Amino acid sequence: MLQRASPTHRGPRDSSSSASSRGRIQKRKAGPPRVDRDGDLMMDAEGSGQKRKSARVQLGDKDSSGGRGRRGRGSGGPFRAGNRGIINAQQAIMRGLGAKQSQANILGSRITSDGAMLRIDGLESSKAASNPDGGVESLLAFLERKASSLDSKSNRTVKIKKSSMKGDSVIITASPNDIEAIQKLDAFQFAGAPLSIKAYDSPSRDLEKKADEVSPSAQQTKDMFRDILATRYDPTLKLLNLSALAQDPGLINMGVFDGNTTTSKVFPALMAVCDGLFKSRQEKREAIVSVTLADNALVNVGNVSALAQKLPDIKNIDLSRNQISQLSSLDAWGKNFRHITTLILAGNPIEPQLPSLKDELLKRYPYLEILNGIQIRTAEEVAASIEASKFPIPLAAPDFRDVGQVGENFVRQFVPMYDTNRSALLTNYYDAQSVVSISINMFAPRNVKISAPIPPWAAYTKFSRNLVKINNLPTQMSRIHRGSQAINTLWNALPATRHPDLSTQPDKYLIECHPLPGLVDPNGQSPRGVDGLIVTMHGEFEEESDKAEKALRSFSRTFILGPGGPGGPPIIVISDMMTLRAWGPLATSQSAVAAPAPAPAPATATAPELAEQQRQAVAMGLVQRTGLNFNYATLCLQETGWDLEQAFIAFNANKERLPADAFATGNFT
Amino acid sequence: MANFQDIAKQFTEFYYNQFDQDRKQLGPLYRDNSMLTFESDSVAGGANIVSKLSGLPFEKVKHAVSTLDAQPSGENGGILILVTGALLVDEEQRPMNYSQTFQLLPDGSGSYFIFNDIFKLVFG
């Protein structure tokens with residue numbers, strides 16, 4: 001290519017350059033002709049209009065360039081050549097740049113005939129992967145744009161000269177300078193996925209050379225494999241039948257089997273050829289849905305591990321009549337085959353263990369529905385568990401363990417009152433001992449799909465008691481608000497809010513509630529403490545603002561509820577801690593729970609639950625009046641037929657004889 | 001004597017470091033009367049809590065604490081802590097917001113144990 005570029009030297013604008021006229025390869029001040037990203041000769045954008053036009057024709061229509069139809073890289077060609085818009089844009093940029101930049105590019109093209117190569121991984125996890133071209137085009141555009149802007153001081157346009165796909169990796173070629181710039185984008189986020197950008201070295205080039213210059217016998221072998229694959233493919237069923245390979249007359253004729261290394265050698269080759277038949281993962285996915293590997297005497301899937309790499313999207317695998325004896329025999333497939341719905345292991349030593357391995361298999365193959373012909377779960381269950389497994393930690397419906405509906409009543413009153421009447425809320429649930437603090441999480445990761453801007457935090461920052469940031473003790477202490485009055489001042493200063501309605505939009509909340517023993521008894525009757533509740537609430541609210549756009553926030557709020565002191569409200573908020581963050585939808589488990597999902601948070605209870613709740617309420621009443629712990633209060637009520645008054649009388653009559661542990665304890669050390 | 005804010009900070013730092021390094025070693029932070037509610041599944045007692053934590057379906061985990069707030073809780077020197085942050089597990093590239101509430105109680109010998117621990121993923 002070096003040779004190709006020099007002789008067509010048309011006289012550089014820099015007249016001092018004479019090197020090229022001597023026919024030498026020069027490193028600087030090169031003549032204009034250059035090679036485009038696909039290796040096609042391209043005229044300098046600075047050249048005459050006529051020449052530029054011809055250059056564009058070549059760019060736009062790759063096939064017309066003739067000559068260097070390099071198959072290996074050519075596979076990347078369609079991605080690039082097809083997008084005239086981008087190419088035109090690039091040319092426009094090129095034209096806009098001075099001769100110097102132009103030369104820099106020419107230089108880059110010329111001194112690296114093959115260019116340096118990078119391997120980019122991560123595209124398949126990005127959102128762009130669903131583009132018709134698998135996202136390659138937008139990835140390349142992204143890399144060029146980002147690398148150019150990173151390298152702003154040199155004011156240079158980074159250009160990717162070639163691209164091709166290797167499995168899920170994108171291999172790109174560019175000039176060393178550009179490679180260096182692009183490499184800086186390693187670990188950058190592209191369409192929601194981090195990219196891995198690594199140097200890609202010669203083996204691949206060797207491979208590509210091989211692909212370019214296939215020796216006749218290799219080409220022959222390839223063709224034979226292709227023929228064999230063709231006979232084994234059923235387009236109606238979209239089934240690739242790879243069973244009993246050792247008995248395949250075609251393969252036997254090829255003499256590819258030597259001794260007992262049958263599948264280990266043949267299989268990867270078959271898979272590689274198979275892979276080469278498809279342009280994209282999507283094409284493969286659509287063509288091959290099922291694969292049978294029956295009757296291959298497989299002890300494990302090590303020899304057929306290529307299947308997982310080349311056909312990761314297949315849905316049905318038949319491993320009938322092999323020698324698979326344990327689950328670990330499937331380990332070589334790793335976590336691929338996430339989409340398997342049917343797995344057949346009939347006639348393998350593992351077969352009798354399958355019932356006990358079911359859970360493990362379900363974990364490994366989250367879409368698995370049918371195991372050995374038996375439906376082990378329904379599509380709905382699969383959908384539910386998939387939804388759940390979107391989160392590596394399985395989500396559960398909220399756990400609301402109320403006592404006497406105290407928690408539920410509190411939440412039901414708190415939410416609307418915080419929006420409409422904070423002072424009444426203070427009167428109803430806060431007293432001189434209540435403590436409130438808030439903190440702001442400005443760094444909560446957000447789903448990239450959420451484009452709404454984050455409303456400014458200004459109204460909150462001066463109250464934020466985020467101890468990660470606030471180290472000054474007086475500041476820390478001044479941002480803790482104790483007692484109704486101080487809380488009132490805080491709440492008056494905070495923006496007004498509008499929370500979603502609890503009963504009509506319960507999905508906007510995650511609320512949990514657990515009994516909490518050991519609170520300080522405000523009545524001083526129980527030195528060892530009384531029982532309360534800890535309520536954790538996650539949700540969102542809309543901030544009232546004069547601005548047109550809605551200002552949404554997400555929050556997490558923890559309350560400790562306990563009995564109030566004499567003369568005050570019966571139930572008070574002892575602690576109220578709130579963290580605000582940029583709005584994002586809650587990770588709800590609604591769809592994660594198969595069958596009738598438990599209603600979130602405070603919901604209507606079933607009849608037995610209601611009875612239980614009423615009993616708990618009565619018991620809680622007795623706890624409050626007597627200082628008994630919850631268990632003893634329950635015992636006492638059971639004795640007296642759940643009559644609170646009778647129980648109280650019985651308590652008074654017997655309290656001297658009750659053991660110390662009958663009373664709520666406050667000492668947990 | 002450290003104030004409760006400092007204790008809360010030291011505790012959270014220690015807790016998440018230990019959690020990310022080897023969560024099986026978190027046992028000494030819990031007692032028999034401790035309760036852990038992890039994604040709404042409640043377990044009581046140090047041993048059960050450790051086995052619950054150990055059995056969580058991920059190997060690598062990294063917590064990043066974004067906010068930490070603490071309030072004194074009760075007259076016995078308890079501390080209520082609310083942490084929000086993000087965590088990454090295994091090969092998952094998408095950090096997840098979580099919220100975790102701890103209630104610490106003094107153990108009588110100058111240190112603290114976790115009496116309540118409520119963990120919830122709040123956003124995926």
Side-chain angles (χ1 to χ4, degrees), chain A residues 122 125 192-194 363 390-399 401 435 437-447 464-469 473 476 480 510 512 514 516-520 529 534 536 538 554 556-558 560 574-575 577-579 581 584-587 589 666-669, chain B residues 3 5-6 8-9 12 31 33 35 37-42 56-58 61 64-76 78 80-99 101 103 105-109 113 115-116 118-124:
Chain A
S125 351
K363 210 186 278 178
K390 277 187 187 164
F391 305 94
I393 300 170
L395 292 170
D399 177 24
R401 280 181 288 123
V435 178
S437 55
I438 65 166
S439 48
I440 310 302
N441 182 353
M442 297 186 193
F443 302 102
R446 282 181 113 193
N447 190 320
S464 177
R465 198 170 178 274
N466 180 3
L467 298 177
V468 173
K469 302 242 179 296
L473 185 61
Q476 288 177 350
I480 197 161
L510 273 174
E512 299 194 301
H514 314 158
L516 182 73
L519 300 175
V520 176
I534 184 161
T536 52
H538 312 281
S554 284
S556 289
R557 199 160 188 169
T558 297
I560 289 183
I574 299 168
S575 281
M577 295 170 101
M578 172 161 73
T579 302
R581 60 182 174 275
L586 275 180
S589 61
N667 188 355
F668 293 94
T669 55
Chain B
N3 63 41
Q5 286 100 328
D6 293 338
K9 283 168 87 165
T12 4
R31 295 289 182 277
N33 56 352
M35 179 163 281
T37 304
F38 190 96
E39 265 309 308
S40 309
D41 183 15
S42 293
L56 292 174
F58 49 80
V61 58
V65 173
S66 304
T67 70
L68 159 66
D69 193 3
Q71 292 182 3
S73 169
E75 284 169 1
N76 301 317
L80 183 70
I81 300 174
L82 174 60
V83 175
T84 63
L87 84 158
L88 267 179
V89 301
D90 291 336
E91 307 311 321
E92 182 71 30
Q93 301 295 340
R94 182 178 47 167
M96 295 170 292
N97 282 314
Y98 72 92
S99 161
T101 303
Q103 194 190 16
L105 290 179
D107 68 356
S109 61
F113 71 94
F115 183 50
N116 264 294
I118 303 169
F119 173 94
K120 195 86 189 159
L121 281 178
V122 290
F123 166 66

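The figures that follow rest on heavy atoms only: side chains count, while hydrogens, waters and symmetry mates do not. Source: prediction; values computed, not measured.
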* How long is the span from the CG atom in B:N3 to the CD atom in A:Q476, to the nearest 0.5 Å? -> 6.0 Å
* To do: To the nearest 0.5 angstrom, please state how far the OG atom of B:S40 sits from the CZ atom of A:R401.
  => 9.5 Å
* Structure fact -> One option among A:L516, A:I574, A:I438, A:I534 has the most heavy-atom pairs under 4.5 Å with chain B, and it is A:L516
* Structure fact -> Bottom line for B:I118: the part with an atom under 4.5 Å from chain A's heavy atoms is side chain
* To do: Assess the side chains of A:S437 and B:Q71: does a donor N or O sit below 3.5 Å from an acceptor N or O?
  => yes
* Structure fact -> Comparing B:A86, B:A70, B:A64 against chain A, the one with the most heavy-atom pairs below 4.5 Å turns out to be B:A70
* Taking atom CE of A:M578 and atom OG1 of B:T67, what is their separation to the nearest 0.5 Å? -> 11.5 Å
* What's the shortest heavy-atom distance between B:T84 and A:N441, and which atoms? -> OG1-ND2, 3.2 Å
* To do: Indicate the atoms forming the closest heavy-atom contact of A:I560 with B:Q103, along with that distance.
  => CD1-NE2, 4.4 Å
* To do: Give, for atom CZ of A:R557 and atom CG of B:L82, the distance between the pair rounded to the nearest 0.5 Å.
  => 11.0 Å
* **Nearest-0.5 Å distance, CD of residue A:E512 to OG of residue B:S99** => 9.5 Å
* **side-chain hydrogen bond (donor to acceptor under 3.5 Å, both in side chains) involving B:T12 - partner list, sequence neighbours excluded** => none
* Asked: Excluding sequence neighbours, so at least two apart, what forms side-chain hydrogen bond (donor to acceptor under 3.5 Å, both in side chains) with A:S554?
  -> none
* To do: Keeping the roles fixed (side chain from B:D69, backbone from A:N466), state whether a donor-acceptor pair exists under 3.5 Å.
  => no
* Can you tell me if B:S66 and A:R581 form a side-chain donor-acceptor pair at under 3.5 Å? -> no
* Asked: Measuring heavy-atom distances to chain B, does A:V520 have an atom under 4.5 Å in its side chain, in its backbone, in both, or in neither?
  -> side chain
* Taking it one step at a time, do B:K120 and A:S556 satisfy side chain to side chain contact (heavy atoms under 4.5 Å, CB included)? -> CA-CA 10 Å; B:K120 195 86 189 159; A:S556 289; over 6 Å; no
* **Polar side chain donor-acceptor pair, A:T536 to B:T101, under 3.5 angstrom** => no
